[in-house]
Amino acid sequence: MKNFTVRSITGSGYVLLIIGSLALGHYYYLAIFTLFMLYTVFEFYRLTKSAGSIPLTIWGLLTSLYTFISFYLYRFQDLNEKVLIGIIPMILLTPVFDIVLRKKNSIKNILYTLIGVAYIALPFSFLNLIAGTGEGFNSGMLLFMFSVLWANDSGAYLVGSWIGKHKLVEKISPNKTWEGAIGGAIIGLVVALVLSHVFGLLNYPQTIILAMLIIISGIFGDLTESLIKRNFEVKDSGKIMPGHGGFLDRFDSMLFAAPICYFYISIFIN
């Protein structure tokens, strides 16, 4: 009971912070999500050290920062796509810095550094593109995606704890069940339909398709992070959120859902 209470309080603060940053406008969103992104990348690099690697943490964070900010500038400050090209030399310089520093396990160091950028910073950057669909700062679509993910996650946890018996992928995440996944998907879909109706975001077929894509990709994102933690033999990515773990534990579903959400919106809606 105590753990549930702590989990609820921490989770509520996290949700309110995200909703607040979206409600206040894109500058507040930029500040909050830049911090979220950087700390999530940092958590990943900290995890990789348990495997004996020494990622280029500072350079990886700088590359991640440039990636996220360049996507923001491209979408909201009317800069052309050339601003995105700067990501390429930063990636190419990664092995150069590792060679200069003469660290052991160079290949592993370089790979983990770049994986942090590709796995975390790039999906975070897609949030800028989602927010930029339509005119101005489209906080409604970001709120839609996050709400569906939260509803699915909470629903899966509650339903799985209540009636879960059949394991989803026991070797990767023994606590996840098919009952929880189905229950979470139903709750996520209901939340999506309510939000879309109230705010007039999408028609019903579009809402159902997009919500299911978000839910399914979110599940794969969650399982991928579980696989990473199992590989590094840790329970949580961090301790910054009591009852939840780290930011990577909270954003794992979004990392897969954000690109899928953007591609569907840009191809089939816009």
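Taking the six-membered ring where the residue is Trp, the centroids of Phe199 and Phe144 are separated by 6.0 Å or more. A distance of 6.0 Å or more separates the ring centres of Phe68 and Phe36. Taking the ring centroids of Phe71 and Tyr74, they lie at or beyond the 6.0 Å cut-off.
Summarising the geometry of Ile215 relative to Ala185, their closest heavy-atom pair is CD1-O, 3.5 Å, with the distance given to 0.1 Å. Ser237 and Leu248 make their closest contact through OG-CB, 3.4 Å (heavy atoms, listed as atom of the first residue, atom of the second, distance). The two residues Arg75 and Asn128 have their closest heavy-atom pair at CG-O, 3.7 Å.
Checked by atom type, the side-chain pair Asp222/Ser253 shows no donor-acceptor distance below 3.5 Å.
When Phe256, Tyr39, Phe124 are each tested for a ring pair (Phe, Tyr, Trp, His ring centres under 6.0 Å) with Phe251, only one passes: Phe124.
Between the CG atom of Leu223 and the CD1 atom of Ile172 there is a distance of 6.0 Å, given to the nearest 0.5 Å. For the atom pair Gln77 CD and Ile69 CD1, the distance stands at 10.0 Å (nearest 0.5 Å). Remark: Thr94 OG1 to Leu114 CG distance equals 4.5 Å, nearest 0.5 Å.
Within the 4.5 Å cutoff, the side chain of Ile219 has heavy atoms near those of the Asn152 side chain. Residues Arg230 and Pro174 are in side-chain contact: their nearest non-hydrogen atoms beyond the backbone lie under 4.5 Å apart.
Using the six-membered ring where Trp is involved, Phe44 and Phe232 have ring planes that are perpendicular, over 60° apart on the 30 and 60° scheme.
Contacts of Phe220 classified as ring-ring contact (aromatic ring centres under 6.0 Å, His included), with partners at least two apart in sequence or in another chain: none.
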